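Keep in mind the model is a prediction, meaning the values are calculated, not measured. Residues: numbered from 1 along the sequence shown.
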Amino acid sequence: EVQLQASGGGLVQAGGSLRLSCVVSGFIYDDYVIGWYRQVPGKEREGVSVIRRSDAITDYMDSVKGRFTVSIGSAKNTVYLEMNSLKPEDTAVYYCALDFNSRLPLHAFHNLGMTYWGKGTQVTVSS
């Protein structure tokens, strides 16, 4: 059973930083993509960033480019989202998700979503 566990959220002041972690388990394949998404109550979910496990190619939504960095940890089953220069509008519940259809263009996952989802972690940025 595919499982994802996100952690690392919290309360931070504007301009600060947080690092989210997503640990994946329950399968043996190494060809997949991991996405970070966020959602504010009453608003649509947004695709924040995607990374492909096989070659570490990444994609970001425009509003986080240059501020957020997604990476694969040395343990290979952990993906990080480093968030710098945080803004109040980054406040949301952040989710990590996984899909085995790694052949799709990464940007497509922002709107399509992914097959497997973990529970979210709250990020709150105060002004």
*Do the side chains of L106 and F100 join up, straight or via other hydrophobic residues, at under 4.5 Å, putting them in one cluster?*
no
*Any side-chain heavy atom of L112 sitting closer than 4.5 Å to one from D99?*
no
*Answer whether the closest heavy-atom distance between the side chains of V70 and V79 falls below 4.5 Å.*
yes
*Determine yes or no for a side-chain-to-main-chain donor-acceptor pair under 3.5 angstrom, with N77 supplying the side chain and V23 the backbone.*
no
_Please say yes or no: joined through hydrophobic side-chain contacts below 4.5 Å, possibly via intermediate residues, are M83 and M61 part of one cluster?_
yes
*Please assess Y116 against V24 for the test side-chain contact (heavy atoms from CB on, under 4.5 Å), listing each intermediate value before the final yes or no.*
CA-CA 10 Å; Y116 302 94; V24 302; over 6 Å; no
*Pair Y37-W117, ring pair (Phe, Tyr, Trp, His ring centres under 6.0 Å): steps then yes or no*: CA-CA 10 Å; Y37 297 80; W117 293 82; 4.7 Å; yes
*Quick one: does S49's side chain have a donor or acceptor within less than 3.5 Å of a partner on Y60's backbone?*
no
*Step by step, would you call I34 with R53 a side-chain contact (heavy atoms from CB on, under 4.5 Å)?*
CA-CA 7 Å; I34 293 285; R53 165 69 170 77; over 6 Å; no
*Evaluate the side-chain proximity of L98 to F27: yes if any heavy-atom separation is below 4.5 Å, no if none is.*
yes
*Flag yes if more than 12 heavy atoms outside Q5 fall under 6.0 Å of its CD atom; otherwise flag no.*
no
*Please answer: with hydrophobic residues joined when any side-chain heavy atoms are less than 4.5 Å apart, are V48 and Y32 in the same cluster?*
yes
*Thinking salt bridges, do D62 and K65 make one under a 4.0 Å N-O criterion?*
yes
*Using the rule that two of Ile, Leu, Val, Met, Phe, Trp, Tyr join whenever any of their side-chain heavy atoms come within less than 4.5 Å, decide whether I72 and L20 are in one cluster.*
yes
*If two hydrophobic side chains count as joined below 4.5 Å and joins carry through other members, does V2 share a cluster with V33?*
no
_Is any side-chain heavy atom of Q122 closer than 4.5 Å to one of T91?_
yes
*Go through L4 and M114 one step at a time and tell me if the side-chain contact (heavy atoms from CB on, under 4.5 Å) criterion holds.*
CA-CA 12 Å; L4 299 97; M114 295 189 178; over 6 Å; no
